[in-house]
Amino acid sequence: MEKILLKNIDKPEAYKLENYVANGGYKSIRKALEMEPDHIIQMVKDSNLRGRGGAGFPAGLKWSFIPKDPTLQKYLCCNADEGEPGTFKDRAIMDKDPHLLLEGMMITCYAIGASIGYVYIRGEFEYGASMLEAAIDEAYEKGFLGKDIFGSDFSLDLYVHRGAGAYICGEETALLESLEGGRGQPRKKPPFPALAGLYAKPTVINNVETLGCIPAILEKGPEWFKAIGPEKSPGTRICGVSGHVKKPGLYELPMGVPLRELIFDHCGGMRGNKPLKAVIPGGVSAPMLVEADIDTPMDFDSMAAKGTMLGSSAVIVMEEGTCMVKVAYITSRFFSHESCGKCTPCREGTSWQTRVLHRIEHGEGRPGDVELLESLCENIFGRTFCPLGDGAVMALRGALKHFKEEFVYHIQHKKCMVDS
Amino acid sequence: MVNIKINGKELKVEAGKLILDAARDEGHDIPTFCYQADLMGIGSCRMCLIEIEGQKKLQPSCITPVMDGMSILTDSPTVVSARSSMLEFLLTDHALDCPVCDKGGECELQDMVYKHGPHTGRHAEPKHRHHGKDYVLSPVIIKNSNRCVQCTKCVRVCSEIVGVGVLGSIGRGIHQEETSFFKTYLDCDHCGNCIEVCPVGCFMRLPYRYTSRSWDLKSADSICTYCATGCRVVIEERDGLLVRSRAQLGVGLNSETLCARGRFGYDIVNSDDRLTTPMVKKYGKLEPATWEEAFGAIRKGFRSSSPARTGGLISPRMTNEEIYLFSKLFKGPLQSNNVDSSMRWSPEAVEGFAAATSMTAGGVSIFDCMDSQSVFVVGTQLSDENPVVDYIVRRISNANGVQVAIASSRGMKLDSCASQTLRHAPATEGDLLGAAALLLADKDAVRFAGNADFNSIKATGIDTLAARSGVSRSEIEALVSSFGSSETVGIIAGTEFLRFPEGSASLALVVEALRGAGKKVTVIPVLDRCNQRGAWEMGAHPGLGTAYSREGVKGLGFAGMMNTASEGKLDSIYIVGENPVVEYGDGNFARDAIGKVGFVVVQDTFMTETAALADVILPGVTFAEKDGTYTNQEGRVQSINRLLPPPGDAKRDLEIISTIYNIFSGTDDVPVKKSAGIFAEIREKVSTYAKVDLSFNNEKNTFNDLDNKESLVGGSSASLSMPQVTGSAASSLASDGHAGFTLVTGNHLYHSGRLSLRSEILGGFIKGAIVEISEEDADRLGITSGEKVTVAGSRYKAELVLKTRKGSASGVAFIAENYNDVPVHKFFRRGESVASVKIARS
Ligand SMILES: Cc1cc2nc3c(=O)[nH]c(=O)nc-3n(C[C@H](O)[C@H](O)[C@H](O)COP(=O)(O)O)c2cc1C
Ligand code: SF4
Ligand code: SF4
Ligand code: SF4
Ligand code: SF4
Ligand code: FES
């Protein structure tokens with residue numbers, strides 16, 4: 001299978017500009033600069049490329065919302081916050097092949113008319129940030145960034161901005177708030193960023209992986225891209241597999257590969273050949289699936305049909321013997337720790353939920369706790385300001401749906417049902 | 001208009017209206033925490049969730065506008081359960097220590113839980129606590145974050161309305177806490193608006209702490225007695241002590257906001273230094289006396305003086321009724337037009353200012369002024385002098401994109417929302433506006449052909465005027481062009497025009513030129529004493545009668561009275577509520593002059609330096625102990641209501657003045673005890689007050705429509721003249737010789753005249769007198785903020801603490817007029833407000 005995103009990462013010193021060029025890079029941007037911006041947007045629309053940050057929103061459509069008024073300052077923000085537990089795909093691109101991201105950003109900026117782009121990178125990614133900064137410096141030296149890039153009359157500046165370690169800053173409006181120097185909390189929508197985003201100017205926010213697909217689409221055309229995987233969510237996907245498999249790691253595969261194939265063919269199957277108990281298909285916000293579901297194809301629509309989501313395609317595999325109460329507790333603790341504090345149901349609800357799970361996990365469960373948790377889920381879900389609170393509920397509901405008896409056992413016997 | 005349904009009822013409502021407002025208009029109760037009409041919506045507390053049929057998720061009604069065809073349910077079972085679950089969430093980490101919480105009984109969380117449930121708790125885990133004991137954040141704020149509902153109204157009011165922005169949220173999730181930077185002690189405006197907006201017992205008043213439960217308070221609707229903005233307040237007492245002054249959401253033009261003076265300056269009422277018995281001079285010494293003795297002495301004292309040799313000064317903090325009767329006493333039975341209410345300013349300056357700001361045309365609402373495309377603030381240190389007007393300008397200009405231009409010598413807080421700031425030399429408002437008028441009148445030369453003021457500035461020329469003001473011609477052109485591009489222009493003009501009266505003629509020309517160009521111009525005069533406008537309109541002016549009618553014979557203003565007195569030619573004087581010995585331009589001169597007056601009556605609430613010179617002292621009362629009306633700077637007439645009895649033997653001022661009136665009118669009328677009768681007479685006799693409607697007073701305005709235009713005074717047919725004044729300020733500076741800094745004065749943010757100095761709470765905000773210069777000047781002198789400096793002029797020298805101010809013009813020094821230990825007027829020539837001074841480290 002031909003790789004789009006990870007094609008260079010195993011090549012020596014792929015992060016160097018000269019090597020990126022030698023591997024065929026920076027051709028698409030030259031081609032793009034010869035084209036009408038609208039034509040590029042149309043190509044991306046035609047490619048059916050969907051956002052890789054989690055929500056799967058069509059990228060071309062998002063770009064087309066940007067007003068055409070040439071007097072307006074516009075911005076591109078690359079979402080490199082990669083905070084969803086289990087996810088480690090964007091970092092590979094930034095660490096190993098930063099010019100791929102830069103080229104994707106250049107083309108996108110040209111298409112939407114942005115003269116400034118930011119990479120908002122997760123604070124802990126110190127190495128990735130340094131790689132990106134070095135790559136940007138190289139690009140400036142070559143005239144690939146700055147005034148009149150590649151000898152065209154298009155000028156572009158790119159900056160790297162490091163976050164301070166909050167998961168919520170991956171949510172696009174909180175990202176903008178943080179980028180402006182404010183407190184990382186989501187903004188109300190409307191207005192949507194496409195009309196009033198960074199500094200209240202039209203702004204596109206795209207994930208690293210989404211932007212990484214752009215050079216290839218320019219080079220080989222939308223039809224080629226659409227032919228990979230299901231037509232409605234085409235292209236390849238970097239699956240980051242962690243957990244109890246033999247070969248955890250990053251796998252770039254066409255969209256729509258069934259979970260079973262990923263786990264048992266690509267990742268070499270379960271560690272110690274133990275039975276599979278559950279799998280989280282798209283980062284911890286995605287409700288878990290069980291053995292019976294693993295023939296589901298990994299694409300946006302098939303996962304949604306199963307009541308979960310492809311999300312960031314971070315696949316967490318759990319074997320028989322994993323305590324689901326503990327999984328639920330740890331996940332819930334993550335969400336309540338990361339709740340930004342803005343809205344009542346998430347701030348108070350996730351924390352309450354965590355306190356109850358902590359008790360159950362530590363043998364202090366009380367009768368009625370399961371019903372209480374279910375009721376809390378109901379009172380949080382759909383009522384929060386942003387999807388973070390919903391994520392906390394979906395994760396817990398997933399565990400309760402498949403493994404309620406483990407929770408009940410924990411409460412009654414003050415210990416684990418499984419011995420792990 | 002769009003068609004919507006609320007709970008099944010079909011309605012037509014304005015497009016873009018919030019669902020919350022549409023539902024509330026229909027009488028549906030939707031609880032809210034984070035929503036506040038005047039703050040930007042954030043939709044965070046989720047109390048206001050409602051159901052829109054066809055949408056899966058509940059929506060926050062406080063940030064969601066109506067859309068055509070929406071069918072909204074405000075009480076569906078899901079909505080009701082969401083509401084009670086939000087409250088349940090809020091209670092999980094809530095301290096729930098109502099019995100020891102100052103907010104108990106007037107707490108929005110208590111009320112909401114009572115109404116919307118849940119009435120049993122399911123949260124049985126340890127609560128998160130932000131801290132142990134309550135912590136003190138400022139001289140007036142004590143904080144308990146364990147009761148917080150995280151609505152962030154405190155943070156938003158401080159940054160969006162007050163413009164100070166010293167509060168923020170720290171921590172994330174349940175650790176989120178609204179407080180100061182690292183919880184450090186605040187050096188802020190001390191306005192207490194953060195306390196007022198807090199729905200729970202989180203931001204609390206330190207001075208009120210543990211003094212009362214809310215249900216044990218008695219309250220009365222009143223008006224702040226400091227500046228002339230006319231903020232509505234509720235004053236509250238417990239066991240005879242005034243313990244709180246607060247503002248109410250949706251009441252008065254200020255709604256929930258006040259400044260430090262209005263919210264914390266109430267304790268003057270409780271002062272131990274109040275006058276409680278009349279005093280009469282016996283054998284050269286003031287002795288306590290009965291009212292009969294006091295009135296007897298007055299009967300004798302005044303009888304022997306001729307009309308031309310008697311005079312009266314009444315404070316512009318007295319009510320309309322009192323001032324009306326006082327003026328009537330002098331201009332009637334005592335047959336003297338020697339009446340004044342503006343000790344600091346000449347009668348001519350008053351007339352010129354009233355003319356330039358079109359005060360004869362009747363009251364003008366600040367909201368109408370702000371409804372302009374561009375607003376020009378000039379001749380006022382608005383952020384310090386009239387803080388609530390500063391809030392209104394900030395809020396409305398940010399929300400509606402009004403272009404604000406500010407001309408002043410000193411930097412001010414409001415600068416941050418201005419699109420243009422012009423920094424001119426002190427006392428050169430006239431030059432700056434003269435240049436602007438010349439630029440504006442360029443195309444309209446015919447209109448001004450015969451105008452003497454115009455011809456005189458024209459002879460000077462734009463470049464000379466600009467050079468004198470220290471503002472470049474291009475900046476003035478930019479100002480004029482911003483007027484040019486607006487169809488509606490608001491002008492907010494303040495007391496510098498009274499201090500430097502040569503500016504009024506130019507201001508009038510600018511207004512006329514703009515109107516000539518077909519623009520709608522709305523001018524608001526801003527003043528620093530609560531009833532200054534009312535005092536003028538009640539005829540407490542030597543040349544003007546009620547409603548600016550011209551008196552046949554012009555009497556003496558206060559300066560004239562003092563000159564006459566110093567020559568030994570004043571037989572008697574009656575001073576109400578003023579202390580010229582310390583507040584008049586030349587205090588020592590006033591002391592000597594008053595010493596030479598044959599018979600002196602002083603009516604006041606405190607023993608003052610002036611009262612010490614009196615033959616008779618009459619103890620009056622404060623705003624909390626009387627009824628009456630004030631007319632604010634806009635011309636809005638509002639009432640105050642008595643809450644407390646007069647202390648000791650003190651009497652209400654109206655009763656005192658009416659008794660004296662009766663003595664000299666020879667009638668045997670009983671003294672007036674209620675103000676209503678006099679107000680009826682005012683309505684009858686003062687044409688502009690005929691239609692004033694006070695019925696809105698003391699009523700809560702549920703729609704948050706803060707503008708009660710029915711209480712604005714009407715226009716009069718009187719025509720005022722623009723008195724000729726020559727550049728006195730410039731000549732006085734010239735005679736001083738240039739010493740480095742030009743000293744000016746005005747009110748401090750925490751004070752208004754000397755009255756507020758009696759407030760212990762306000763007194764706690766600043767210690768000692770301060771001189772303020774720009775940051776750059778301080779750098780140049782190598783002196784840092786907080787150091788002691790000596791300010792030396794040709795008449796006076798004093799040691800003060802230096803403070804720097806961002807954005808002030810170079811070479812400008814400011815000392816507020818409110819310090820007892822450094823009376824700024826000693827630097828000035830009598831009757832003037834500007835001087836040259838040297839500043840050096842002491
Ligand atoms: C709580 C939360 C966290 C998120 N974190 C990330 C993230 O770390 N990286 C990311 O690309 N998108 C993240 N998203 C999704 C973004 O809001 C946004 O949808 C995405 O960046 C859009 O890019 P795309 O269209 O290219 O996917 C997050 C969303 C939420 C609600
Ligand atoms: S759901 Fe609410 S509290 Fe949670 S992260 Fe989003 S805005 Fe913040
Ligand atoms: S008292 Fe006023 S200035 Fe100080 S923090 Fe509160 S709102 Fe802000
Ligand atoms: S302190 Fe009061 S006003 Fe501020 S967020 Fe908490 S509850 Fe709201
Ligand atoms: S001093 Fe003026 S601004 Fe302050 S509360 Fe009183 S009336 Fe309002
Ligand atoms: S009042 Fe609407 S969300 Fe707080």
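Each chain gets a letter, A, B and so on, in the order its sequence line appears, and its residues count up from 1. Any value given below was found using the heavy atoms of this structure, including those in side chains, with hydrogens, waters and symmetry copies removed.
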Need one label for [X]: side chain, backbone, both or neither, based on atoms under 4.5 Å from any heavy atom in chain B.
| X | answer |
| --- | --- |
| A:Thr350 | neither |
| A:Arg355 | both |
| A:Arg359 | side chain |
| A:Asp369 | neither |

What part of [X] is in contact with chain A, defined as an atom under 4.5 angstrom from a non-hydrogen atom: side chain, backbone, both or neither?
| X | result |
| --- | --- |
| B:Leu49 | side chain |
| B:Ile63 | side chain |
| B:Thr152 | neither |
| B:Ser84 | neither |
| B:Pro126 | backbone |
| B:Leu87 | neither |
| B:His128 | both |

Discussion item. For A:Phe57, does the six-membered ring have the charged nitrogen or CZ of A:Arg50 within the cation-pi criterion, i.e. under 6.0 angstrom from the centroid and within 45° of the normal?
Written reply: no
Worksheet item: Any idea which heavy atoms bring B:Val166 and B:Cys158 closest together, and the distance?
Response: N-SG, 3.5 Å
Just by distance, with hydrogens left out, do [X] and [Y] show a side-chain donor and acceptor under 3.5 Å apart?
| X | Y | value |
| --- | --- | --- |
| A:Ser285 | A:Glu84 | yes |
| B:Lys143 | B:Ser145 | yes |
| A:Thr87 | A:Glu82 | no |
| B:Glu160 | B:Gln36 | no |
| B:Glu178 | B:Ser169 | yes |
| A:Ser351 | A:Gln353 | no |
| B:Ser61 | B:Tyr35 | no |

Would you check if [X] and [Y] make a side-chain contact, meaning some heavy-atom pair closer than 4.5 Å?
| X | Y | result |
| --- | --- | --- |
| B:Gln150 | A:Arg347 | yes |
| B:Glu53 | B:Met70 | no |
| A:Glu171 | A:Thr173 | yes |

Worksheet item: Judged by atom type as modelled, is there a donor-acceptor pair below 3.5 Å linking the side chain of B:Lys413 to the main-chain atoms of B:Val164?
Response: no
Fill in: Check: B:Asn3 main-chain N/O paired with B:Asp68 side-chain donor or acceptor under 3.5 Å
yes
Looking at [options], which has the largest count of heavy-atom pairs under 4.5 Å with chain A?
| options | value |
| --- | --- |
| B:Leu58, B:Ile42, B:Asp93, B:Leu90 | B:Asp93 |
| B:Pro65, B:Gly41, B:Pro60 | B:Gly41 |
| B:Gln59, B:Lys56, B:Met47, B:Glu88 | B:Glu88 |

Discussion item. What verdict does the salt bridge (charged side-chain N to carboxylate O under 4.0 Å, His left out) test give for A:Arg383 and A:Asp390, after you've listed the backbone C-alpha separation in whole Å, the side-chain angles of each residue and the deciding distance to 0.1 Å?
Written reply: CA-CA 8 Å; A:Arg383 294 172 186 176; A:Asp390 286 348; over 6 Å; no
Worksheet item: Can the ring centres of A:Tyr118 and A:His161 be said to be less than 6.0 Å apart?
Response: no
Worksheet entry | chain B contact residues among residues 163-170 of chain A, heavy-atom distance under 4.5 Å | A:Gly165, A:Ala166
Discussion item. I need the contact set between residues 327-342 of chain A and chain B: heavy-atom distance under 4.5 Å, sorted by residue number.
Written reply: A:His337, A:Glu338, A:Ser339, A:Cys340, A:Gly341, A:Lys342
